[in-house]
Amino acid sequence: MSELGDWLRLDARAAKPLFDQLRTQVIDGVRDGRLPPGTRLPTVRDMAGQLETAGIVETRGRFGTFVARADPADAAMAAAANSYAETARALGLTKPQALRYLDAAFE
């Protein structure tokens, strides 16, 4: 969710509702100077779209937006893995060759 800013961290599994996490983090950001006066925040529509893309919430048409049933990491990691695989294929790497880079990144 880096598009929402480095200052924002949401946890769909936390005891605190998402709106309360957002409210608290914006207040904290203002107080500690990470969000100085004039900082433009994402629109509610943009933020909802980014949360949906990250798999944290899901929109059910006119019924509204709900916390997603799936682990948000699943969608994010699947998207990252697909992008990584596409890049590796475009460079002509085999799966074992591409996995060496991934293994090295974890070391």
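Separation of atoms CG (Asp32) and CD1 (Ile27) is listed at 12.0 Å; rounding is to 0.5 Å. Distance check: Leu41 CG to Asp46 CG gives 11.5 Å after rounding to the nearest 0.5 Å. One distance of note links CD of Gln97 with CG of Leu102; it measures 14.0 Å at 0.5 Å rounding.
When the side chains of ILVMFWY residues are joined at heavy-atom separations under 4.5 Å, either directly or via intervening members, Phe63 and Val57 end up in two distinct hydrophobic clusters.
Atom OH of Tyr84 has more than 12 heavy atoms from other residues, nucleotides or ligands within 6.0 Å. Crowding of Phe66 atom CZ: a count of heavy atoms from other residues, nucleotides or ligands under 6.0 Å exceeding 12. When the shell of 6.0 Å around CZ of Arg31 is examined, it contains 12 or fewer heavy atoms from other residues, nucleotides or ligands.
Looking at every heavy atom in both residues, Gln25 comes nearest to Arg34 through O-NH2, 4.5 Å. Nearest heavy atoms, Gln21 versus Lys16: NE2-O, 2.9 Å. The heavy-atom pair separating Thr65 from Thr59 by the smallest distance is OG1-OG1, 3.6 Å.
Remark: Asp20 engages Arg23 in a salt bridge (charged side-chain N to carboxylate O under 4.0 Å, His left out) (not counting sequence neighbours). The side-chain contact (heavy atoms from CB on, under 4.5 Å) test applied to Phe19 returns Pro17, not counting sequence neighbours.
Put simply, the side chain of Thr39 gets close to the backbone of Pro36: a donor and an acceptor are under 3.5 Å apart. At least one donor-acceptor pair closer than 3.5 Å links the side chain of Thr87 to the backbone N or O of Ser83.
Residue pairs meeting the salt bridge (charged side-chain N to carboxylate O under 4.0 Å, His left out) criterion with at least one member in residues 86-103, sequence neighbours excluded, do not occur.
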